[in-house]
Each structure stands twice: as C-alpha cells, then as structure tokens.
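One structure is given below, encoded as structure tokens.
These numbers come from a predicted model, not from an experiment. Every chain is numbered from 1 and lettered A, B, ... according to where its sequence line falls, protein lines coming before strand lines.
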Amino acid sequence: MQLEALVRAAVAEALAAGGKPVPAEVPVERTTRPEHGDLATRVAFLLARELGAPPATIAAELAARLAAHPSFLKVQPANGFVNFTLHPTTVHAVLRQILASGERYGRGEEGEGRTVQVEFVSSNPTGPLTIGHLRQAALGDVVAELYAQLGWRAVREYYLNDEGRQMDLLAQSLWARYRQALGDDQPIPEGGYQGAYLAEIGAELARTWGDAHPRWDEAARAAFRSEAVGRMMAMIHEDLDAIGVRFDVWTKEGDLHRRGLVQETLAQLVRRGAVYEKDGALWLASTRHGLDRDPVLLRSDGTPTYTLVDIAYHLDKARRGFDLVINVQGADHVDEQRQVLLALKLLGLPDGFVRYCLHQFVTLKGEEGIQRMSTRAGRFLRLKDLVADVGRDVARYFMVMRKPGSHLVFDYALARDTSLENPVYYVQYGYTRIASLFREAERAGERPPDLRTVDLSPLTDDRELALIRELDRFPDVVMVAAHEFAPHLLCEYLEGLSGLLHPYYAHVRILGQGPATSARLALLGGIQLVLGRGLGILGVSAPEAM
RNA sequence: GCGCCCGUAGCUCAGGGGACAGAGCGUUGGCCUCCGGAGCCAAAGGCCGCAGGUUCAAAUCCUGCCGGGCGUACCA
C-alpha cells in the first residue's frame with residue numbers, strides 16, 4: 001500500500017516535471033514476474049492517445065527521468081510498462097514502520113467512529129443451526145470485524161422471526177412428536193418439520209407434561225409454540241457459541257409489531273402512493289418501478305407479509321441511527337432484497353444506506369455424495385457437531401475462504417481427515433513456528449531487546465525483500481476485503497504470505513548469524529504480527545504452540 | 001418463459017481490461033547430523049463452457065447459445 005503510493009507519487013512528479021499530463025489516478029501494480037521488477041505502471045498506455053506517441057516512447061522517457069530516484073534501484077521501460085525495482089532501504093523502511101505500528105498495523109480511519117450494523121444468520125427458530133447457516137455466521141462475523149478494523153463501530157444483529165405460520169407449523173410438529181411419544185400416532189402436519197430433534201423434545205415433554213394436551217387446540221398451540229421457540233433458541237445459542245459468534249442485538253419480529261412500526265410503515269407507503277388494493281389485499285406497486293412482480297404487503301385477512309415487516313425493520317434501522325447497514329443473506333433472497341430496496345427508496349432513504357452481502361449456498365460432500373441440506377426434512381449437519389469434529393478454526397476458515405458469490409462445496413472428510421494438509425494449519429503453523437523460534441532465540445540469548453530499533457541492512461536476500469513487500473499489502477487487503485465483502489481475499493493473502501515464509505525458513509538459517517540474526521528476527525516479528533492480525537480478523541486462533 | 005449468480009488444471013477454488021493464466025488438494029519423483037519435516041524442492045497437468053463482437057490489449061467488457069444453482073408465493 002505504502003509502496004504503491006510511493007511509486008504513484010514519483011511517477012506523478014516525473015510526469016509533471018516533464019510537462020506531461022498527470023492522470024487523476026496513476027495506475028501502479030505489483031508485478032507477477034521477477035524480471036518485471038517489484039512494481040510497475042502502465043500509465044504510458046493511458047497517455048499514448050493524448051500525447052500522440054507510442055507507449056514505449058513515453059515509458060522510456062519516464063523511466064529515464066526516474067532513473068536517479070533514490071527510492072529505486074532500477075527503473076526500466078518494457079513493452080510500454082515502466083518497471084520499478086525498489087532500493088533495499090526503501091523496503092527496510094516499510095518493515096520498520098510495520099514494527100512501529102504493532103497491533104495497529106492494518107487498521108484504518110475511514111469509519112471515523114461511524115456505526116455499521118451487520119445483520120446476519122437471522123435464521124428462523126425452527127431448528128438448530130446447520131452447516132448452511134455457518135457460512136453466513138462466519139461471513140457476517142468477519143465482515144463486521146473487517147469494518148471494525150477500518151474504524152467503524154460494528155453492531156452485530158440477529159433478527160428473530162418468532163411470529164407467523166412457520167412457528168405454528170413448528171409447534172404443531174412438536175405436538176405431533178409429543179403425541180407419538182405417548183403412543184398416539186399423530187402425523188406430522190403437511191409441510192411440517194421432520195427432524196429427530198423435535199422427537200427428542202417431544203418425548204421429554206411427554207414425560208413431564210403427561211397427557212395434558214390430547215388435542216391440537218388453542219391451549220396446545222400456545223404451550224407448544226412457546227416451548228418450541230425457547231428450545232430452538234437455546235439450540236441456536238449453543239451453535240453460535242460453538243463457532244464463537246456473539247451478537248450485540250437480538251431483534252424480535254414481535255417487537256416490531258408491538259411498537260406499531262409495521263402499520264406505520266404501511267401507512268407511509270400508502271401516503272406515497274406506492275400501494276394499491278387488489279383481491280382484498282394491499283400490494284406494493286413494484287413493477288411500476290421496473291421490478292418483475294408486485295409483492296403483497298397486507299394479506300386479504302389483514303395480516304402483514306414478511307416483506308412488509310422486512311421493510312418496517314429497515315426503516316427502524318435507519319431511525320436507530322446507523323450510518324450503514326449490511327445484510328448478509330443467501331441467494332434465495334435476491335428478489336426480496338430488491339423489493340426492500342425499492343420500498344426504502346420510495347420512503348426517502350438515501351441510496352447505499354443498505355447493502356447486501358449475498359452468498360451462494362453450501363453443499364456438503366460426504367460419504368453419500370453431494371447433498372442439499374433441509375431443516376424441514378430433517379436432513380442437515382448441525383453446526384455444533386461439525387465444530388466438535390473439525391474444530392472451530394477449520395469450520396470458520398473453510399466458510400470464508402471462498403468468494404461469497406460462489407457455491408461452496410464443503411468436503412467434510414477432507415476438513416476432518418486430512419487436516420494436516422489444511423490451509424488453516426499451514427497459516428497457523430507459520431505463526432507458531434515463529435513463536436517457537438523466538439523462544440529458541442531467547443534461550444540462545446540472541447533475541448534483540450527491541451525489534452523496532454534493529455539494523456535491517458543485512459536483509460538483502462530476494463526472499464527477505466519479497467516478504468516485506470508482501471507485508472506492505474496487508475492494510476490494502478483488509479480494506480478491499482471489507483468493501484467488497486470478500487474475506488476470502490484475506491485467506492488468500494495469509495496463505496500467500498505463509499507460502500513465502502516456509503520456504504524462506506527452510507533455506508535461510510536465522511539463529512547464530514551475528515547481526516543478520518537480529519535483522520531476520522525483526523523480519524519474522526513483522527510476519528508474525530501480520531499473520532496474527534489476519535487470523536484474528538478471521539476469528540481463527542493464532543497458537544503459540546500447536 | 002423471465003430475472004439474478006456461477007462454468008478457469010483430475011478435484012475444490014483464486015484472478016473480473018494489461019506483459020508467458022495461479023494456489024491448495026490429488027498424482028509422480030526427490031530432501032530428515034540442521035532454529036518444530038504440520039516443512040522444503042521438482043515434474044506432469046489448461047483452446048479460462050461454446051460462438052461472435054468491442055479494444056493497441058479479453059479468462060476479465062458486450063451479445064447470443066449450452067450447462068448448473070437460486071428466485072419468479074396472500075412462504076419466510
């Protein structure tokens with residue numbers, strides 16, 4: 001990050017000095033091949049048309065002007081690019097600055113104390129959380145943390161849909177299980193919940209309640225509904241604890257109704273002429289604004305739909321003073337998202353207030369091939385059980401190591417059985433190895449008292465300079481990962497950094513090398529700092545020993 | 001049918017206008033007197049789904065096909 005800025009400034013200055021136009025954004029990128037130097041600019045391509053000269057000529061002139069710049073060892077034109085090889089002291093300065101920043105390294109200021117609300121999981125309390133929810137839990141948690149790194153105050157919120165028909169279905173399913181346990185062969189209702197977890201609870205209720213609810217009546221409905229929701233919430237909390245996700249706020253759908261927000265939202269939409277009546281129901285006129293269908297807001301029986309409540313909930317988010325709202329949702333919600341965004345726009349909320357982090361579903365690759373999860377059908381892998389098997393670190397890491405928009409196949413056997421080849425351990429081992437080495441240095445009396453003041457000039461090996469250049473990218477990776485809801489970029493970065501560290505370690509002796517030892521320990525200290533920071537953001541542990 | 005997302009190495013996936021397309025796993029072959037071998041080194045493996053187009057430059061942007069996922073409810 002720092003290095004790009006340095007090159008960008010040098011190029012801009014050279015262009016200006018040569019009487020050339022300076023683009024608003026001078027493009028600077030890392031090279032992929034060593035023969036192209038460390039960084040490169042393709043600015044000559046941008047200027048070619050305007051200057052009426054071939055890129056190669058412009059690049060050559062620019063390179064000549066920058067040849068004597070003290071930050072660079074070499075500045076060479078090639079195919080219209082200008083390639084920069086950094087002077088080692090330029091690179092050393094980066095490491096020195098990283099060590100001075102310490103745990104602050106990679107943090108940003110853009111949030112300026114503003115508040116972002118991240119809503120995720122928000123699973124209906126109809127069963128325990130599954131591997132399907134895990135992706136969302138891990139994603140939301142990490143996105144919130146990424147924003148916190150950028151100086152935002154992040155609020156993690158769970159929206160609890162504890163009202164409506166699904167809850168009744170759940171209650172009735174539980175009641176059926178309860179009856180079954182008493183020898184009364186009641187069927188699970190049409191579209192009800194088949195999972196064994198309800199059978200267990202049903203059997204327990206049969207023991208404690210006896211034959212108190214022989215019929216599915218109002219009393220049974222109330223009793224079983226309240227019991228079911230309580231039990232489901234307890235399971236959900238257990239699952240969230242297992243992966244280490246903690247919510248700051250739980251919002252219940254019932255509260256939105258009680259506060260009159262739903263009616264008020266509808267009234268506002270009506271007042272703005274966004275609603276029409278048909279077949280006894282109230283509809284949002286979405287097709288008028290380019291969407292493919294109009295959703296019902298208020299059913300003909302007078303009850304509000306999920307969509308209306310969702311709109312009301314978001315209006316409430318705006319009132320609660322959040323500066324930005326991020327909703328993490330599955331791909332099955334795209335249509336709903338458009339409806340909500342449209343409604344909010346019609347209600348006068350600013351564009352960009354709500355952003356969606358949309359993710360594709362997880363499929364589980366196990367002994368029986370690839371299977372879709374279904375809570376309703378009782379076919380799922382419970383989160384808590386998964387974590388017990390593969391560990392929290394692997395569970396979390398596997399869920400964020402892929403781009404959210406891509407489908408993710410979770411190879412259960414691989415996560416569990418071949419864990420030694422796991423990218424999670426590869427990254428963690430980098431951290432651990434350095435920790436171990438520092439212990440060894442301590443014993444040998446070779447550990448410098450303060451890494452920040454060590455003379456770095458012995459760091460001349462290509463691998464050492466490449467490692468420092470890689471460390472320089474960290475703040476940018478954090479920023480892009482946050483803005484694009486792309487934690488996988490951080491995983492990739494950490495794996496890449498580890499992929500430089502391990503070979504380096506294998507080939508370069510650290511201890512017993514005189515002044516080089518101190519310099520190399522300073523380098524490793526910087527690497528360990530970044531690995532630890534990165535793992536921390538992902539919610540994955542950075543062990544001192546494995 | 002229509003809308004959105006995705007087709008990249010055997011598998012799982014990065015890269016989303018720039019210089020010869022990357023990683024992990026798997027496969028094949030090497031490296032343990034040496035700071036933790038949970039490691040390292042090397043090899044094989046690709047018309048980047050197909051066909052057009054835009055551009056000095058396309059895996060990347062546009063169009064059309066083909067294949068997969070999701071949605072298209074007075075479900076949530």
Starting at [atom1] of [X] and ending at [atom2] of [N], how long is that distance when rounded to a whole Å?
{"X": "A:Leu408", "N": "B:C11", "atom1": "CG", "atom2": "C1'", "result": "14 Å"}
{"X": "A:Tyr425", "N": "B:G39", "atom1": "OH", "atom2": "P", "result": "12 Å"}
{"X": "A:Leu521", "N": "B:C35", "atom1": "CG", "atom2": "C1'", "result": "10 Å"}
{"X": "A:Arg293", "N": "B:G3", "atom1": "CZ", "atom2": "P", "result": "16 Å"}

Contact class for [X] (heavy atom, under 4.0 Å): base, sugar-phosphate, or nothing?
{"X": "A:Arg433", "answer": "sugar-phosphate"}
{"X": "A:Leu489", "answer": "sugar-phosphate"}
{"X": "A:Ala441", "answer": "nothing"}
{"X": "A:Ser406", "answer": "sugar-phosphate"}
{"X": "A:Ala281", "answer": "base"}
{"X": "A:Asp310", "answer": "nothing"}
{"X": "A:Glu495", "answer": "nothing"}
{"X": "A:Asp294", "answer": "nothing"}
{"X": "A:Arg33", "answer": "base"}
{"X": "A:Gln337", "answer": "nothing"}
{"X": "A:Thr303", "answer": "nothing"}

Using the glycosidic torsion, which applies to B:C20: syn (within 90° of 0) or anti (everything else)?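 Here the answer is syn: the torsion falls within 90° of 0.
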
Can B:C25 be described as syn, meaning its chi torsion is within 90° of 0, or is it anti?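 Here B:C25 takes the anti form, which means its glycosidic angle is more than 90° from 0.
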
[atom1] atom, [N] versus [M]: distance in rounded Å?
{"N": "B:A42", "M": "B:A23", "atom1": "P", "answer": "11 Å"}
{"N": "B:A9", "M": "B:G45", "atom1": "C1'", "answer": "6 Å"}
{"N": "B:A51", "M": "B:G67", "atom1": "C1'", "answer": "15 Å"}

Results of side-chain contact (heavy atoms from CB on, under 4.5 Å) for A:Thr85 - residues two or more places apart only: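 If we apply the side-chain contact (heavy atoms from CB on, under 4.5 Å) test to A:Thr85, skipping adjacent residues, the hits are A:Asp38, A:Leu73, A:Lys74.
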
Which residues in residues 496-515 of chain A have a heavy atom closer than 4.0 Å to any atom of RNA chain B?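 By residue number: A:His502, A:Pro503, A:Tyr505, A:Ala506, A:His507, A:Val508, A:Arg509, A:Ile510, A:Leu511.
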
Pair pattern of RNA chain B in dot-bracket, where unpaired bases get dots and | marks partners in another strand, Watson-Crick or G-U under 3.5 angstrom: (((((((..((((....[...)))).(((((.......))))).....(((((..]....))))))))))))....

Can you name the atoms? Protein N/O to nucleotides 43-46 of chain B N/O, anything below 3.5 Å, with the distance.
none

Provide the full list of salt bridge (charged side-chain N to carboxylate O under 4.0 Å, His left out) pairs with a residue in residues 514-531 of chain A, sequence neighbours left out, each pair given once.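 Sorted pair list: A:Glu464-A:Arg520.
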
Among residues at least two apart in sequence or on other chains, which ones pass salt bridge (charged side-chain N to carboxylate O under 4.0 Å, His left out) with A:Glu446?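 Listed in chain order: nothing, the list is empty.
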
